[in-house]
> 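Sharing a structure, written as structure tokens. Questions coming.
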Amino acid sequence: TPGFELYVAGALEDSRRLCSFIYRSLGAITETVVTLDTHQAFQIFHAPLLIDPEGGHPAPYTLVSTDDVRTGRWRIDPEVAEGLGIESDADEHLHAYVEALARGGKYDLTIWPFHAMLGGIGHALVSAIEEALFFHAIARRAQTRVEVKGRNPLTEHYSVLGPEVLTGSRGKLLGERNTALVEHLRSFDAVIVAGQAKSHCVAWTVEDLLADAPELAPRLYLLEDCSSPVVVPGAVDYTEDAERAFTGFAAAGAHVVRSAEPLTAWPGPIGAALVG
């Protein structure tokens with residue numbers, strides 16, 4: 001997709017900084033948790049799932065609103081619906097889905113370029129990060145915890161703590177809240193967050209975490225220089241959304257920090273513990 005490589009370049013620079021942070025902080029990081037977006041060709045946010053009255057597909061970064069679905073501008077391709085086993089309620093599901101997104105007050109349904117495709121190289125961690133996590137696991141004798149998300153084709157799954165829409169139009173379960181991970185994170189003295197994208201998966205994971213476990217806010221650290229918002233020149237720019245989200249997290253008590261700062265200089269429990 002034109003411009004997408006610029007976002008990828010920014011994410012790779014974030015990865016370099018994150019790797020350096022992991023190696024420098026081996027003595028302080030007791031465990032690592034990674035999330036893996038996991039997609040296939042036909043997902044509700046991929047162009048081939050939707051068609052217009054002429055049989056065309058939406059372009060990447062198209063926003064699909066409730067009006068678009070109500071007026072028939074976009075619908076689920078009946079042949080794809082049959083392959084997914086949802087032919088009897090495909091249109092009903094799409095109507096209910098975009099309405100649920102609208103009620104939630106977040107973005108309209110967004111059509112994304114193919115990414116994190118199951119079985120492909122894009123599903124893997126950046127190799128340098130995988131190596132850093134492996135090194136950490138061996139050095140600290142602590143298995144990396146891997147959280148897979150996004151496999152249900154009928155819902156988006158930005159936050160690792162749950163999909164955007166939990167139930168389909170007829171009450172069919174599309175996913176569940178990841179309460180086990182919330183409880184696990186509650187057990188740590190501090191939780192450090194980094195990754196992609198700052199405007200979407202990172203922001204909505206943190207939002208969910210603060211909603212489910214608000215007492216974690218003083219123990220939550222956001223590495224702002226190890227995350228980037230989605231910015232594709234000429235298409236979308238979610239910089240302001242990301243900054244607004246991080247400002248809100250800071251107001252809720254979380255700490256926005258930078259990876260190059262010594263941990264002893266960080267506010268809250270980490271700095272106090274290391275200095276003490």
Side-chain angles (χ1 to χ4, degrees), residues 35-118 147-179 181-182 197 199-212 230 235-236 238 241 245:
T35 69
L36 294 179
D37 269 351
T38 306
H39 304 150
Q40 294 184 271
F42 298 109
Q43 306 257 170
I44 201 162
F45 47 81
H46 281 164
L49 190 77
L50 302 182
I51 58 171
D52 61 19
E54 287 73 45
H57 302 293
Y61 312 110
T62 296
L63 298 179
V64 179
S65 68
T66 54
D67 285 343
D68 291 332
V69 177
R70 179 180 53 80
T71 60
R73 180 180 182 187
W74 300 114
R75 61 180 299 214
I76 294 179
D77 185 331
E79 293 187 34
V80 175
E82 182 177 1
L84 294 176
I86 60 168
E87 62 270 26
S88 65
D89 65 336
D91 290 336
E92 182 182 343
H93 175 79
L94 186 60
H95 277 85
Y97 188 85
V98 294
E99 288 172 359
L101 290 181
R103 288 194 301 271
K106 293 183 179 178
Y107 309 127
D108 287 336
L109 172 61
T110 304
I111 304 303
W112 294 106
F114 293 114
H115 63 289
M117 301 298 288
L118 182 62
E147 297 285 338
V148 175
K149 66 185 180 76
R151 295 202 62 176
N152 191 312
L154 299 180
T155 184
E156 299 155 288
H157 206 310
Y158 294 108
S159 168
V160 70
L161 299 181
E164 294 309 300
V165 178
L166 290 169
T167 57
S169 59
R170 299 180 184 178
K172 183 178 180 180
L173 191 65
L174 301 177
E176 297 179 324
R177 301 291 296 172
N178 193 343
T179 56
L181 180 56
V182 174
S199 52
H200 289 74
C201 296
V202 172
W204 294 359
T205 293
V206 174
E207 181 178 305
D208 280 353
L209 184 59
L210 290 176
D212 293 347
V230 176
V236 292
Y238 288 102
D241 301 86

> Please test Tyr107 against Asp241 for side chain to side chain contact (heavy atoms under 4.5 Å, CB included), starting from the C-alpha separation and ending with a verdict.
CA-CA 10 Å; Tyr107 309 127; Asp241 301 86; 3.3 Å; yes
> Quick check for you: to the nearest 0.5 Å, what is the distance between Leu94 atom CG and Thr66 atom OG1?
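Rounded to the nearest 0.5 Å, the CG-OG1 separation comes out at 10.5 Å.
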> Side chain of His93, backbone of Leu154: donor and acceptor closer than 3.5 Å?
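Judged by distance alone, yes, a pair lies under 3.5 Å.
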> Is it true that the side chains of Asp208 and Thr205 contain a donor and an acceptor less than 3.5 Å apart?
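No - no donor-acceptor pair under 3.5 Å links their side chains.
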> Please answer whether the main-chain N or O of Val230 pairs with a side-chain N or O of Ser199 as donor and acceptor at a distance below 3.5 Å.
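Yes; at least one donor-acceptor contact below 3.5 Å.
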> Measure from the ring center of Phe114 to the ring center of His46 and say whether it is less than 6.0 Å.
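Yes, close enough.
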> Measuring from atom CD1 of Ile44 to atom CD1 of Ile111, what distance do you get when rounded to the nearest 0.5 angstrom?
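Rounded to the nearest 0.5 Å, the CD1-CD1 separation comes out at 8.5 Å.
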> Do you know the tightest heavy-atom contact between Tyr61 and Pro113?
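Closest approach of Tyr61 to Pro113, heavy atoms only: OH-CG, 3.3 Å.
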> State which residue, out of Ile76, Asp77, Val80, fulfils the side chain to side chain contact (heavy atoms under 4.5 Å, CB included) condition with Ile51.
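Exactly one option meets the side chain to side chain contact (heavy atoms under 4.5 Å, CB included) with Ile51, and it is Asp77.
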> Any idea which heavy atoms bring Ser169 and Asp89 closest together, and the distance?
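Result for this residue pair: OG-OD2, 3.7 Å.
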> Measuring from Glu164:CD to Phe45:CZ, what's the distance to the nearest 0.5 Å?
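Going from CD on Glu164 over to CZ on Phe45, the span is 10.5 Å.
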> Tell me the closest heavy-atom pair linking Ala47 and Pro58, and the distance in Å.
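Result for this residue pair: CB-O, 3.3 Å.
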> How far apart are the C-alpha atoms of Thr35 and Cys201, what are their side-chain angles, what is the distance that settles it, and do they pass the side chain to side chain contact (heavy atoms under 4.5 Å, CB included) test?
CA-CA 10 Å; Thr35 69; Cys201 296; over 6 Å; no
> Could you check whether any side-chain N or O of Thr71 sits under 3.5 Å from a backbone N or O of Val69, counting only pairs where one atom can act as donor and the other as acceptor?
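Not confirmed, Thr71 side chain does not pair with Val69 backbone.
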> Could you go step by step and tell me if Asp108 and Asp68 meet the side chain to side chain contact (heavy atoms under 4.5 Å, CB included) rule?
CA-CA 11 Å; Asp108 287 336; Asp68 291 332; over 6 Å; no
> So does Ala59 get a backbone contact from the side chain of Thr62, meaning a donor-acceptor N/O pair under 3.5 Å?
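Yes, Thr62 side chain to Ala59 backbone: donor-acceptor pair under 3.5 Å.
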> Donor-acceptor check, side chain of Lys149 to backbone of His157, threshold 3.5 angstrom: yes or no?
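Yes; at least one donor-acceptor contact below 3.5 Å.
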> Using a 6.0 Å cut-off, check whether atom CZ of Arg177 has over 12 heavy atoms from anything other than its own residue.
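Yes, because the 6.0 Å sphere around CZ of Arg177 holds more than 12 heavy atoms from other groups.
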> Under 3.5 Å, side chain of Thr110 to main-chain N/O of Trp112, donor-acceptor pair present?
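Not confirmed, Thr110 side chain does not pair with Trp112 backbone.
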> Can you see which heavy atom on Asp91 is nearest to which on His95, and at what distance?
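In this case the closest contact between Asp91 and His95 is O-ND1, 2.8 Å.
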> Rounded to the nearest 0.5 Å, how far apart are CG of Leu101 and OG1 of Thr155?
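Reported value, rounded in 0.5 Å steps: 7.5 Å.
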> Without swapping roles, check the side chain of Glu82 against the backbone of Glu79 for a donor-acceptor pair under 3.5 Å.
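Not a single qualifying donor-acceptor pair exists.
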> In Å and rounded to the nearest 0.5 Å, what is the OG1 to CG distance from Thr38 to Asn152?
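Result: 12.0 Å between the selected atoms.
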> Counting distance only, does the side-chain N/O of Asp52 pair as donor-acceptor with the main-chain N or O of Gly56 below 3.5 Å?
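It does hold such a pair.
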> When rounded to the nearest 0.5 angstrom, what is the spacing between NZ in Lys172 and CG in Leu166?
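Going from NZ on Lys172 over to CG on Leu166, the span is 14.5 Å.
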> Hey, is the main chain of Met117 close enough, under 3.5 Å, to the side chain of His39 for a donor-acceptor pair?
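Answer holds: no.
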